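Accompanying notes for the structure given below.
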Amino acid sequence: MSLNIQRNDTVEVITGADKGKRGRVLRVLGDKNRVLVEHVRMVKKHVHPNPQRNIKGGIAEQESAIQISNVMLVCSSCGPTRVGYKFEGDKKVRVCKKCGQAITPKGKK
Ligand SMILES: [Zn+2]
């Protein structure tokens with residue numbers, strides 16, 4: 001399976017407890033077929049205090065990775081969509097299968 005999802009993409013969760021939530025991809029764990037999505041699948045973590053790094057102990061919330069097959073890339077005009085590819089010159093770009101618009105991660109050209 002090829003990885004259609006990249007860092008900084010906007011994705012929507014299509015299944016599970018967080019279904020319908022959208023967020024930015026923080027990290028792609030390609031070898032595990034998982035992604036970390038901002039504000040999705042938050043888990044509470046106990047943090048040990050570390051005065052040297054100015055970390056106060058306690059409970060912090062943190063994203064945990066979800067299956068890449070549970071998210072869909074979001075097209076800015078159509079919403080969640082399947083991904084196609086086209087060539088612009090010799091560059092392969094991802095496109096929305098519904099409207100054909102190129103999909104690029106935010107902050108990247
Ligand atoms: Zn589209």
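We use all heavy atoms of the structure for the numbers below, so side chains are in, but hydrogens, waters and symmetry mates are not. All figures in this text were calculated on a predicted structure; none of them were measured in a lab. Atoms within a ligand are numbered from 1 in the order they appear, just like the ligands themselves.
Neighbouring protein atoms of the Zn ion (ligand 1) (N, O or S, distance under 2.8 Å, waters ignored): Cys75 SG, Cys78 SG, Cys96 SG, Cys99 SG.
Lys98 places a side-chain N or O within 3.5 Å of a backbone atom of Pro80 that can act as its donor or acceptor partner.
Atom NZ of Lys86 is separated from atom CD of Gln101 by 9.5 Å, given to the nearest 0.5 angstrom. Atoms CD1 and CD1, from Ile103 and Ile5 in turn, are 9.0 Å apart once rounded to the nearest 0.5 Å.
Here the options are Thr104, Asn4, Asp9, the test is side-chain hydrogen bond (donor to acceptor under 3.5 Å, both in side chains), and the partner is Arg94; only Asp9 passes.
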Expected list for residues 36-43: side-chain donor-acceptor pairs under 3.5 angstrom, two or more places apart:
from	atom 1	to	atom 2	distance (Å)
Glu38	OE2	Arg24	NH2	3.4

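Between Asn8 and Val25, every side-chain heavy-atom pair lies at or beyond the 4.5 Å cut-off.
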